[in-house]
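As structure tokens, the structure follows; a few thoughts come after it.
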Amino acid sequence: MTHQDHDLLTKVGRSYVRHQHEDGLDELESGVDMAVMGIALYIMALSLRQQIDYWWFTVAIFLALAISVTRDRVKERIRQRVTYPRIGYASAERGEPLSATRKKLMWLILLPMAAAPVVIAVLLLTGRMPDLRTAAEWGRWAPAVYGILAGAATWWDAERFGIRRFRVSGVMTGVTGIVASLAGTDVVSASAFFCMGWGAINLTTGGITLWRFRSAYDSGTP
Amino acid sequence: MSQQAPELPQFDRLIHEPARLMIVATLFPVKETDFLFLQRSTELTKGNLSSHLSKLEEAGYVNLEKTYRGKVPLTLCRLTAEGRAAFRGYREAMKQFLR
């Protein structure tokens, strides 16, 4: 591909990604996901210390599932009312190469985090929970590693797509990971603090972006 | 002494026009868009965009679907398989030319 073609396609591709992030709804969505996951992990940490009944964890998991089932519909409805009349509609091509790397990176980060509580729950229920004191000591630093990786990926996106607020959220994600590792006494509570913190960052940046987006564009735009 | 002119590749003239190239390049990485998104991305006027889209539709490169979102009229634009192939061909021709 020539420089001319590459520049044009890159510019056009990036404008599409910027368009997708212009309303802040994707950040709000991931903020809700992370906050709910953080709450579920915190409930799990409390139940492991026998401070609350274990069934609260089941309630949190059902809540997370209910949100994951309905969130796409809710986001699409908001987009139809708020986003599309202002800046137009564009739907991604299936298997679009633009976001493939990003998706892989997100799976790499989120999959172990999502699997960890399930694995621990299975071990607890089957009575095969080994003595994890040493592992838990090390596991406490997992949020710091995740935070730095996720923060770096967010910063990379900021540079690639010219979305400046991602620099701020990238730095804050990294800092949140380190703080969560320092504040947590074990892997579950440290992960809970990290998820809640990361969720709060995304909810804040997404909320501000959506508010500014609504103010910046006239809703009467055809 | 005769000097033979270099052979130029065959460019698809329909896509070679800058405004239409921008439209096709905008539609290439997406499944479908509405008129407003295309207008913002290409920075063309409504009339200009409409005229270029009609030419691309006549050539079979673009599929336009008139529909409604609620009570608001909506024009959905998609690149057809033929349009995608034409854009890929154009990119190849340009690559050969500048090599």
Side-chain angles (χ1 to χ4, degrees), chain A residues 1-23 25-26 72-73 75-103 157 160-163 213-214 216-222, chain B residues 9 11-12 15-46 49-50 63 65 67-81 83-84 86-99:
Chain A
M1 190 189 287
T2 65
H3 283 296
Q4 199 179 18
D5 272 349
H6 180 77
D7 287 349
L8 176 66
L9 280 178
T10 306
K11 190 184 161 196
V12 168
R14 285 177 184 174
S15 81
Y16 167 69
V17 175
R18 274 201 301 277
H19 172 269
Q20 288 298 98
H21 286 102
E22 214 167 334
D23 56 9
L25 282 171
D26 281 350
D72 281 346
R73 276 180 227 162
K75 190 173 79 170
E76 189 56 29
R77 283 206 170 180
I78 298 172
R79 283 216 157 121
Q80 281 179 5
R81 278 173 171 253
V82 178
T83 311
Y84 302 151
R86 287 172 168 85
I87 60 168
Y89 156 81
S91 167
E93 183 66 57
R94 267 185 202 169
E96 180 202 349
L98 288 167
S99 59
T101 314
R102 191 165 182 265
K103 277 180 185 168
D157 277 354
R160 275 200 311 163
F161 304 121
I163 307 169
F213 174 80
R214 286 189 57 138
Y217 293 101
D218 177 17
S219 60
T221 307
Chain B
F11 287 115
D12 185 331
I15 292 183
H16 194 56
E17 199 282 327
R20 286 196 287 271
L21 179 60
M22 196 65 192
I23 293 169
V24 175
T26 303
L27 290 173
F28 189 73
V30 297
K31 189 178 165 191
E32 61 183 15
T33 75
D34 66 2
F35 195 85
L36 180 59
F37 175 85
L38 263 185
Q39 204 191 330
R40 287 183 84 236
S41 301
T42 57
E43 296 177 355
L44 295 169
T45 62
K46 275 184 191 178
L49 178 58
S50 194
N63 172 247
E65 184 190 340
T67 180
Y68 286 89
R69 184 188 295 133
K71 289 177 182 174
V72 183
L74 180 73
T75 305
L76 289 174
C77 316
R78 292 182 204 94
L79 214 53
T80 60
R84 283 184 187 281
F87 185 62
R88 282 196 196 97
Y90 176 83
R91 279 164 58 186
E92 275 305 308
M94 186 61 85
K95 194 175 165 182
Q96 298 274 327
F97 176 61
L98 293 173
R99 191 174 279 166

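Residue numbers begin at 1 in each chain, while the letters A, B, ... track the order of the sequences.
Among all heavy-atom pairs drawn from B:Leu36 and A:Ile87, the shortest one is CD2-C, 3.8 Å. Minimum interatomic distance between B:Arg69 and A:Gln80 (heavy atoms only, all atoms of both residues): CD-O, 4.2 Å. Heavy atoms only, all atoms of each residue included: B:Val30 and A:Ser91 are closest at CB-O, 3.3 Å.
Judged as a ring-ring contact (aromatic ring centres under 6.0 Å, His included), and not counting sequence neighbours, B:Phe35 has no contacts. With sequence neighbours left out, the side-chain hydrogen bond (donor to acceptor under 3.5 Å, both in side chains) criterion links B:Glu65 to B:Arg78.
For A:Arg79, the CZ atom is densely surrounded, since the number of other residues' heavy atoms within 6.0 Å is greater than 12.
Looking at heavy atoms from C-beta onward, B:Phe37 lies in side-chain contact with A:Tyr16 at the 4.5 angstrom threshold.
Note that the OG1 atom of B:Thr33 and the NE2 atom of A:His19 stand 9.0 Å from one another [nearest 0.5 Å].
Residue B:Leu76 touches chain A through its side chain alone, counting heavy-atom pairs closer than 4.5 Å.
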